[in-house]
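This report refers to the structure that appears directly beneath it.
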Amino acid sequence: MSLRNISTKKDSIKISDEIDKQRIPEHVAIIMDGNGRWATKKGLPRSVGHHKGVSVLKEIIKVSKKIGCKVLTVYAFSTENWTRPQKEVDFLINLFEKVLKKEIDDIHQESIKIKFIGELSPFSKALKSIINISEALTKNNNNFTLNICINYGGRQEIVKVAKQISQKTFSGEIKPSDVNEQLINSELLTQGLKDPELVIRTGGEKRISNFLLWQLAYSEIYISEVFWPDFDEFEFCKAIIDYQSRNRRFGGIESLTEESFKDSSCS
Ligand code: FPP
């Protein structure tokens, strides 16, 4: 079945059958956007959109596990989100704490490893404490990894790596000629994680917004017009099927014969 034929939610049972189980992206990253617009459109406070966003995240974790993804990395709070009205910032930080306290036992039961990625120092003691507890509790779980990016910014991450590497060079631990992609990877906050094969952005905006700038270099990008609170199994499977139709060349070309390349500048 082609994506064009799968247009209604009624097809969502069928849609998961359409996924090629041999080509599941191991790591999917998601920019969960559109909570505020979803709520405003319904005449509701933005906080309702964020609340609904939590239940959508739970559903997408379940579906990801079901189809065989191994890692999900979600953008929950960017370094730029601090510029929002203080009330919304406080609400989001409280929400992270409350949700984590409520869900951590289930997350552990499901054998999910949870990791927080970002500069955590500005957060409250209470949030940092439940983050530490959750990461420690789930660190040996190997079924599935959920990375939650909070106070995360791709540029800030790269600056941090540059500082770490400069320090190591200055102290003589490494030489400038030792700096390569592998070393940078090992200094990133995502160290040890495979780069995402697919990044999904909901809410229709067509930008990366400072998310995983280094790691997304060759990721396939899928933009969903659907606001995050309306995103669901059907929409997620659509993204996966679309990803599976892509021809990933990583800057190369599929096959080149002597015939198919002619230098047009020489005659
Ligand atoms: C973007 O929508 C969403 C956020 C800034 C918050 C995302 C948080 C959640 C979905 C809750 C996740 C909970 C946990 C525990 C990780 P927006 O507010 O920018 O929407 P808009 O673009 O329509 O204004």
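Read the numbers this way: they start at 1 and go in the same order the structure lists the ligands and their atoms.
- For the residues S55, G49, G34, A76, the heavy atom positioned nearest atom 6 (C) of ligand 1 is part of A76.
- Classification of K113 and E135 as a salt-bridged pair fails, no side-chain N sitting under 4.0 Å from a carboxylate O.
- Annotation: atom 19 (O) of ligand 1 to nearest protein heavy atom, R84 NH2, 2.6 Å.
- Residue K87 places its NZ atom among 12 or fewer non-hydrogen atoms of other residues, nucleotides or ligands, all under 6.0 Å distant.
- The single protein non-hydrogen atom nearest to atom 3 (C) of ligand 1 is M32 O, 3.2 Å, given as residue, atom name and distance.
- For ligand 1, the atoms closer than 4.0 angstrom to any heavy atom of V54 are 11 (C), 13 (C).
- Taking CG of L57 as the start and CG of L146 as the end, the distance is 6.0 Å to the nearest 0.5 Å.
- For I148, the heavy-atom gap to ligand 1 drops under 4.0 angstrom.
- Under a 4.0 Å N-O distance rule, the pair K62/E110 does not qualify as a salt bridge.
- Using 4.0 Å as the threshold, R46 has a heavy atom nearer than that to some atom of ligand 1.
- At the shortest separation from atom 22 (O) of ligand 1 among protein heavy atoms lies D33 OD1, 2.8 Å.
- Annotation: L57 places no N or O atom under 3.5 Å from an N or O atom of ligand 1; distance criterion only.
- For atom 20 (O) of ligand 1, the closest non-hydrogen atom of the protein is G36 N, 3.0 Å.
- Within ligand 1, the atoms closer than 4.0 Å to a non-hydrogen atom of R37 are 21 (P), 22 (O), 23 (O), numbered from 1 in the order shown.
- Taking every non-hydrogen atom of V99 and a distance limit under 4.0 Å, the qualifying atoms of ligand 1 come out as 15 (C).
- Using a non-hydrogen distance threshold of 4.0 Å, W228 registers as a contact of ligand 1.
- Of all protein heavy atoms, the one closest to atom 10 (C) of ligand 1 is N35 ND2, 3.5 Å.
- Summarising the local packing, NZ of K65 is surrounded by more than 12 heavy atoms from other residues, nucleotides or ligands at distances under 6.0 Å.
- Taking atom 14 (C) of ligand 1 as the reference point, the nearest protein heavy-atom neighbour is F96 CD2, 3.7 Å.
- A salt bridge between E205 and R201 is absent, with no side-chain N of the basic residue lying under 4.0 Å from a carboxylate O of the acidic one.
- With respect to K102 and D106, no salt bridge is recorded, no charged nitrogen being found less than 4.0 Å from a carboxylate O.
- Taking a 6.0 Å sphere around CZ of R23, one finds it holds more than 12 heavy atoms contributed by other residues, nucleotides or ligands.
- Donor-acceptor pairing under 3.5 Å is recorded for the side chains of Y152 and E157.
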